[in-house]
A.B. asks: 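Have a look at this one.
All residue numbers in this chain count up from 1 along the given sequence. Atom set for the values below is all heavy atoms of this structure, side chains included, hydrogens, waters and symmetry mates excluded.
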Amino acid sequence: MIVRFILHHLQLLDALMLLLPLLLILVGWRVGRRRRWLGVLMALVGLLWGLGWAEGRYVGSRQLVVRHATFASPDLPAAFDGYRIVQFSDAHVGSVDDAFLQRAVDSINALHPDLIVFTGDLQNCLVSEVYEHQDVLSRLKAPDGVMAVLGNHDYAMYMDQDDPYAIAEQLGHTDAVYGDLGWHLLRNSHRLITRDSAHIVIAGMENDGEGRFPQLGNHSMALYGISRDEFVVMLEHDPTSWRRRILPHTHCQLTLSGHTHGGQLNLLGWSPARLRYREHSGLYHAGDRALYVSRGLGGAIPFRLWCPGEVNVITLRTSKLE
């Protein structure tokens, strides 16, 4: 309910986040007449609050960077050595404009990836948010296409109504939209990518979150028919699924996730996402297996303070672990 209110009243939130620090500064000025140190402290907090919100809301939310990572595995077929996957996540197109999305699409295409993957949260509440951006998003091109999974927002869980029939109808529209974009939507399923006589597996699980988030991921369905000697890249929106389900129940060598947004805030290397997520940004290893968590492009609330939106390049390499 709180999420729905914020999404529908973003202008009100903007006003509050700028007026409240101004009020704090004014109160601090009054208090400072009697307790100078307290007045200065209140005014300073108000000033930093207002500047921080303005920076994150109007500057940081429009920034975009490219981050590179390399994952080496002895299980990767030699034909795929140097294979480049470009990942993007958490577009939340209901909160961004076409110009920002066009920059992201141009950046991705300019990287000339072998494969593009999207790891969930294309919308905020309704699939109709995607309609006005379809032309831009459909311009993503790679030799092995674009593959995607759904995030928690993509299940219409933040609609104004909880009618299961309305939600089912939304999900039907979602499937159609991904088809119109030319993206391969993986819903507990997989696809093979072939080079010469070798192949790798790109699998995708439904959102497998904790608590109130959708728990629809089925690793057995996603990997049905896949043997344990095959190299698998698993797409899963929520990174908490890596330790709960993917590591103990599958052999997937590499998992790509999003969801955390990197906390949308970075203070001298610290992010509030650390308070909730063990793996919240970047590359993590467990033996010879790994998880990469993207900070994503945007957020339902378009605010990013020193934590810009990002496009991620993951290069696969063959190796023999010592």
A.B. asks: Treating Ile, Leu, Val, Met, Phe, Trp and Tyr as nodes and any side-chain heavy-atom pair under 4.5 angstrom as an edge, say whether V293 and I246 lie in one connected cluster.
C.D. replies: yes
A.B. asks: Roughly how far, to the nearest 0.5 Å, is OG1 of T255 from CE of M205?
C.D. replies: 8.5 Å
A.B. asks: How many angstroms lie between CG in D75 and CZ in F80, if you round to the nearest 0.5 Å?
C.D. replies: 13.5 Å
A.B. asks: Any chance you could measure I85, atom CD1, to L254, atom CG, to the nearest 0.5 Å?
C.D. replies: 6.5 Å
A.B. asks: Taking W270's backbone N and O only, do any of them form a donor-acceptor pair with R274's side chain (distance below 3.5 Å, no angle check)?
C.D. replies: no
A.B. asks: According to a hydrophobic-cluster definition based on side-chain heavy atoms being under 4.5 Å apart (Ile, Leu, Val, Met, Phe, Trp, Tyr only), do V117 and I226 belong together?
C.D. replies: no
A.B. asks: Measure across W183 and L140 and return the closest heavy-atom pair with its distance rounded to 0.1 Å.
C.D. replies: CZ2-CD1, 3.7 Å
A.B. asks: Look at R195 together with D81 and state whether they make a salt bridge at an N to O cut-off of under 4.0 Å.
C.D. replies: no
A.B. asks: Apply the test side chain to side chain contact (heavy atoms under 4.5 Å, CB included) to residues Q87 and I314: give CA-CA distance (whole Å), side-chain angles for both, the deciding distance (0.1 Å), then the verdict.
C.D. replies: CA-CA 8 Å; Q87 175 193 10; I314 298 95; 3.8 Å; yes
A.B. asks: Quick check: is V146 connected to L235 through a chain of hydrophobic side chains (ILVMFWY, heavy atoms under 4.5 Å apart)?
C.D. replies: no
A.B. asks: Verify the neighbour count for atom CH2 of W49: are there more than 12 heavy atoms of other residues, nucleotides or ligands below 6.0 Å?
C.D. replies: yes
A.B. asks: Answer yes or no: is there a donor N or O on one side and an acceptor on the other, between the side chain of Y155 and the main chain of N207, under 3.5 Å?
C.D. replies: yes
A.B. asks: Would you indicate whether the side-chain heavy atoms of V233 and L256 approach each other to under 4.5 Å?
C.D. replies: yes
A.B. asks: How about Y224: does its OH atom have over 12 heavy atoms from other parts shown lying under 6.0 Å from it?
C.D. replies: no
A.B. asks: Measure the shortest side-chain to side-chain distance between V232 and H251 over non-hydrogen atoms and say whether it is less than 4.5 angstrom.
C.D. replies: yes
A.B. asks: Quick check: is V201 connected to L185 through a chain of hydrophobic side chains (ILVMFWY, heavy atoms under 4.5 Å apart)?
C.D. replies: no
A.B. asks: Short question: side chain of E310, backbone of V65 - any donor-acceptor pair under 3.5 Å?
C.D. replies: no
A.B. asks: Check whether any side-chain heavy atom of P113 sits under 4.5 Å from a side-chain heavy atom of L115, and report yes or no.
C.D. replies: no
A.B. asks: Using distance alone, with no hydrogens and no angle criterion, decide if R295 and S281 have a side-chain donor and acceptor under 3.5 Å apart.
C.D. replies: yes
A.B. asks: Quick one: does N109's side chain have a donor or acceptor within less than 3.5 Å of a partner on R139's backbone?
C.D. replies: yes
A.B. asks: Quick one: does E129's side chain have a donor or acceptor within less than 3.5 Å of a partner on C125's backbone?
C.D. replies: yes
A.B. asks: Run the side chain to side chain contact (heavy atoms under 4.5 Å, CB included) test on W53 and L51 for me, step by step, so that the C-alpha distance in whole Å, both residues' side-chain angles and the decisive distance to 0.1 Å come before the verdict.
C.D. replies: CA-CA 6 Å; W53 177 257; L51 290 176; over 6 Å; no
A.B. asks: Using distance alone, with no hydrogens and no angle criterion, decide if T119 and E236 have a side-chain donor and acceptor under 3.5 Å apart.
C.D. replies: no
A.B. asks: Is there a side chain to side chain contact (heavy atoms under 4.5 Å, CB included) between F71 and Y292? Walk through the geometry before answering.
C.D. replies: CA-CA 9 Å; F71 174 66; Y292 192 91; over 6 Å; no
A.B. asks: Give a yes or no answer on whether the side chain of H190 reaches the backbone of A222 with a donor-acceptor pair at less than 3.5 Å.
C.D. replies: yes
A.B. asks: Do H92 and H261 have their ring centres less than 6.0 Å from each other?
C.D. replies: yes
A.B. asks: Does R276 use its side chain to pair, donor to acceptor, with the backbone of G263 at less than 3.5 Å?
C.D. replies: no
A.B. asks: Looking only at non-hydrogen atoms, find the nearest pair between H285 and W242 and report the distance.
C.D. replies: C-CH2, 4.0 Å
A.B. asks: Is any side-chain heavy atom of L291 less than 4.5 Å from a side-chain heavy atom of S257?
C.D. replies: yes
A.B. asks: Tell me, with the steps shown, if D180 and S138 meet side-chain hydrogen bond (donor to acceptor under 3.5 Å, both in side chains).
C.D. replies: CA-CA 8 Å; D180 291 341; S138 64; over 6 Å; no
A.B. asks: State whether the number of non-hydrogen atoms from other residues, nucleotides or ligands found under 6.0 Å of R243 atom CZ is greater than 12.
C.D. replies: yes
A.B. asks: Look only at the side chain of D90 and the backbone of L297, and say whether a donor-acceptor pair between them is shorter than 3.5 Å.
C.D. replies: no
A.B. asks: Indicate whether any N or O donor in one side chain lies under 3.5 Å from an N or O acceptor in the other, for H199 and E230.
C.D. replies: yes
A.B. asks: Hey, is the main chain of G262 close enough, under 3.5 Å, to the side chain of S271 for a donor-acceptor pair?
C.D. replies: yes
A.B. asks: For a side chain to side chain donor-acceptor pair (under 3.5 Å) with D208, tell me which candidate from H219, R245, H237, Q215 qualifies.
C.D. replies: R245
A.B. asks: Just by distance, do the side chain of R57 and the backbone of G52 share a donor-acceptor pair under 3.5 Å?
C.D. replies: no
A.B. asks: Starting from the C-alpha separation in whole Å, work towards a yes-or-no answer on side chain to side chain contact (heavy atoms under 4.5 Å, CB included) for N312 and S294.
C.D. replies: CA-CA 7 Å; N312 311 99; S294 172; 2.6 Å; yes
A.B. asks: If hydrophobic clusters are built from ILVMFWY residues whose side chains come within less than 4.5 Å, do I200 and L223 share one?
C.D. replies: no
A.B. asks: Considering residues at least two apart in sequence or located in another chain, which fulfil the side chain to side chain donor-acceptor pair (under 3.5 Å) criterion with D106?
C.D. replies: Q102
A.B. asks: Nearest 0.5 Å, please: how far is OG in S61 from CZ in R304?
C.D. replies: 9.0 Å
A.B. asks: Could you tell me whether the side chain of S95 reaches within less than 4.5 Å of the side chain of I301, counting heavy atoms only?
C.D. replies: no
A.B. asks: So, do Y277 and H259 have ring centers that fall under 6.0 Å from each other?
C.D. replies: yes
A.B. asks: Side-chain contact, heavy-atom cut-off 4.5 Å: L122 with Y178?
C.D. replies: yes
A.B. asks: To the nearest 0.5 Å, how far apart are NE2 in H184 and OG in S189?
C.D. replies: 11.0 Å
A.B. asks: On a heavy-atom basis, which atom in A104 and which in L64 lie closest, and how many Å separate them?
C.D. replies: CA-CD2, 3.6 Å
A.B. asks: Check this for me: does any side-chain nitrogen of one of R187 and D175 sit under 4.0 Å from a carboxylate oxygen of the other?
C.D. replies: yes
A.B. asks: Where do L181 and Q134 come nearest, in terms of heavy atoms and distance?
C.D. replies: CD2-O, 3.6 Å
